[in-house]
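What you are looking at is a predicted structure, and each value in this text was computed from that prediction instead of being measured.
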Amino acid sequence: MDLGEIRQQIDQVDSGIVALYEQRMDLCRQVAEYKINTGKKVFDRQREQEKLEKVKALTHNEFNGRGIVELFEQIMSMSRKLQYRMLAESGSAGRLSFIGVDRLDTCRARVVFQGAEGAYSQAAMTRYFGEEIQSFHVDSFRDAMSSIDDGSADFAVLPIENSTAGAVDEIYDLLQEYENYIVGEQIIQVEHCLLGLPGAEIEGIKTVYSHPQSLMQSARFLGSHDWKQISMQNNAFAARRVAEDRDPTQAAVAGEHAAAAYGLQILKKGINDCNGNSTRFIIVTNQKIFRKDADKISICFELPHESGSLYHMLSHFIYNNLNMTRIESRPIEDRDWEYRFFIDFQGNLADGAVKNALRGLRDEARNLKILGNY
């Protein structure tokens with residue numbers, strides 16, 4: 001046969017495949033109706049594994065065997081998604097435990113941030129909440145989460161991502177550990193300044209203090225001087241150290257607001273290497289609430305240590321036409337080479353497509369947690 005004849009026969013086979021696929025999906029609808037009436041779960045891992053082994057045994061070589069397993073994994077995945085949608089349409093998909101609100105109750109809110117007076121976290125807090133709040137600061141991110149947990153704070157402001165340095169890994173771990181939820185975010189433009197005592201001059205500086213990321217982000221400027229660089233837990237701590245030591249040979253890399261907080265002089269503005277540097281802060285509370293106009297959702301889940309498991313989880317976003325904007329992974333403690341995935345995607349918990357995706361993810365992933373809708 002020539003190529004045209006071969007392609008004509010392929011078209012005929014494909015038409016048959018499409019007809020059989022539609023016939024199979026019609027049967028899947030009947031399965032969904034049965035499960036709706038009986039309360040039976042959609043996902044049956046053992047049944048699917050037995051099915052895959054059975055169809056693989058029908059093939060005549062190893063290559064076709066692998067291909068048919070991949071094909072039927074997709075077919076069964078589409079069947080599950082159809083069933084999830086039918087469950088949602090019938091009202092059998094269950095309710096999410098989050099409550100939609102028109103606005104956050106920030107009147108007389110008690111807000112905690114990590115660091116000290118003058119930290120970027122404080123600037124993010126003021127930008128988000130305004131001036132009319134009660135606020136206090138703590139030394140660590142864990143302390144901030146615990147402050148919400150024990151009721152001493154209503155909200156916490158925490159950095160989760162920097163545009164040049166990447167994710168703040170500890171925050172992801174704490175979001176999974178604590179029963180606290182994201183209800184907002186604030187992005188702050190980062191402009192590092194070299195701060196010294198009033199009357200100090202750049203020529204006299206010998207030692208510079210700052211957070212390791214800030215030192216890294218200002219490496220080009222700092223590297224042009226023969227200065228000793230010392231890492232601190234927070235930029236504001238560095239500014240406070242310079243103010244308290246009263247040593248004109250010391251300087252700090254911090255924001256302009258830190259200079260105002262500690263009475264320091266700005267020796268040079270904008271010393272960071274990248275002008276487009278910014279940090280995303282999240283607003284966290286212990287209530288399972290979300291604003292009704294929220295359009296971003298954060299979740300985390302674990303996966304079985306199997307080939308293709310992440311691929312199948314991500315297919316729920318594709319099928320429901322949801323735009324995933326970020327994915328991070330963190331190793332799971334005491335479980336070698338297993339990971340927890342953190343995903344941000346666009347949507348609202350009240351949306352049907354979001355409910356469908358979350359239902360599928362909850363059935364098929366391990367330990368799914370909704371971190372917030374904001």
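At distances below 3.5 Å, not a single donor-acceptor pair connects side-chain atoms of Asn64 with backbone N or O atoms of Asn61. Gln186 places no side-chain N or O within 3.5 Å of a backbone atom of Ile283 that could act as its donor or acceptor partner. With hydrogens and angles ignored, the 3.5 Å screen pairs no side-chain donor or acceptor of Gln49 with any backbone N or O of Asp44. In this structure, the side chain of Thr126 does not engage the main chain of Ala123 through any donor-acceptor pair within 3.5 Å. Between the side chain of Ser152 and the main chain of Ser147, a donor-acceptor pair closer than 3.5 Å is present. Under a 3.5 Å cut-off, the side chain of Ser121 and the backbone N or O of Leu158 do not form any donor-acceptor pair. Remark: side-chain polar atoms of Tyr262 are paired, donor with acceptor, to backbone N or O of Glu117 under 3.5 angstrom. The backbone N or O of Leu349 lies less than 3.5 Å from a partner atom in the side chain of Asn373, making a donor-acceptor pair. Side chain of Asn320 to backbone of His316: a donor-acceptor contact under 3.5 angstrom is found. Between the side chain of Ser146 and the main chain of Asp143, no donor-acceptor pair closer than 3.5 Å is present.
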### Query
So Leu358 and Ile299, side chain to side chain contact (heavy atoms under 4.5 Å, CB included) or not? Walk me through it.
CA-CA 9 Å; Leu358 291 176; Ile299 62 173; 4.1 Å; yes
### Query
Between Arg326 and Glu328, is a salt bridge (Lys or Arg N to Asp or Glu O under 4.0 Å) present by the stated rule, with each step listed?
CA-CA 7 Å; Arg326 185 171 182 81; Glu328 293 283 343; 2.4 Å; yes
### Query
So Glu62 and Arg66, salt bridge (Lys or Arg N to Asp or Glu O under 4.0 Å) or not? Walk me through it.
CA-CA 6 Å; Glu62 183 63 23; Arg66 291 182 181 180; 3.4 Å; yes
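Taking CG of Leu194 as the reference point, atom CD1 of Ile266 lies at 10.0 Å (rounded to 0.5 Å). The CD atom of Glu244 sits 9.0 Å away from the CZ atom of Arg241 when rounded to the nearest 0.5 Å. Note that CE of Met145 is 10.0 Å distant from CD of Glu179, once rounded to the nearest 0.5 Å. Annotation: the span from Phe341 atom CZ to Ile327 atom CD1 amounts to 6.0 Å, rounded to 0.5 Å. Rounded to the nearest 0.5 angstrom, Asn180 CG and Leu174 CG are separated by 9.5 Å. Expressed to the nearest 0.5 Å, how far CZ of Phe155 lies from CG of Asn286 amounts to 9.0 Å.
Side chains of Tyr172 and Arg330: no donor on one and acceptor on the other come within 3.5 Å. Counting only N and O atoms by type, the side chains of Ser77 and Glu73 include no donor and acceptor under 3.5 Å apart. With 3.5 Å as the limit, one finds no donor-acceptor pair spanning the side chains of Thr106 and Tyr128.
When hydrophobic clusters are built by joining Ile, Leu, Val, Met, Phe, Trp and Tyr residues whose side-chain heavy atoms come closer than 4.5 Å, directly or via intermediates, Val138 is not grouped with Phe237. Hydrophobic clustering (ILVMFWY, side-chain heavy atoms < 4.5 Å, transitive): Leu104 and Phe281 are in one cluster. Note: the hydrophobic cluster containing Ile171 does not contain Val190 (ILVMFWY, side chain heavy atoms under 4.5 Å, direct or indirect links). Linking ILVMFWY side-chain heavy atoms closer than 4.5 Å, directly or via other members, places Ile297 and Phe317 in a single hydrophobic cluster. Residue Val31 is not grouped with residue Val55 when hydrophobic side chains (ILVMFWY) are merged at heavy-atom distances under 4.5 angstrom, including chains of intermediate members.
Pairs of residues two or more places apart, or lying in two chains, that qualify as side chain to side chain donor-acceptor pair (under 3.5 Å) and include a residue from residues 216-236 are Gln114-Asn234, Asn162-Gln217, Thr164-Gln217, His192-Gln217, Ser210-Asn235, Ser214-Asn235, Gln217-Asn277.
A search for salt bridge (charged side-chain N to carboxylate O under 4.0 Å, His left out) contacts involving Arg280 returns Glu161, Glu185, Asp344, not counting sequence neighbours.
Aromatic pair Phe98/Tyr181: ring centres closer than 6.0 Å.
Test Arg359, Arg80, Lys41 against Glu364 for salt bridge (charged side-chain N to carboxylate O under 4.0 Å, His left out) and you get one pass: Arg80. Only one option out of Ile370, Leu368, Asn356 pairs with Leu361 in a side chain to side chain contact (heavy atoms under 4.5 Å, CB included); it is Leu368.
More than 12 heavy atoms of other residues, nucleotides or ligands lie within 6.0 Å of CZ in Phe136, so this atom counts as buried by the packing criterion. Open room surrounds CZ on Arg7; 12 or fewer heavy atoms of other groups in view lie less than 6.0 Å from it.
A cation-pi arrangement is not found for Lys355 relative to Tyr84, the charged atom failing to lie both closer than 6.0 Å to the ring centre and inside a 45° cone about the ring normal.
A perpendicular orientation is assigned to the rings of His257 and Tyr120, their planes being inclined by more than 60° (bins at 30° and 60°).
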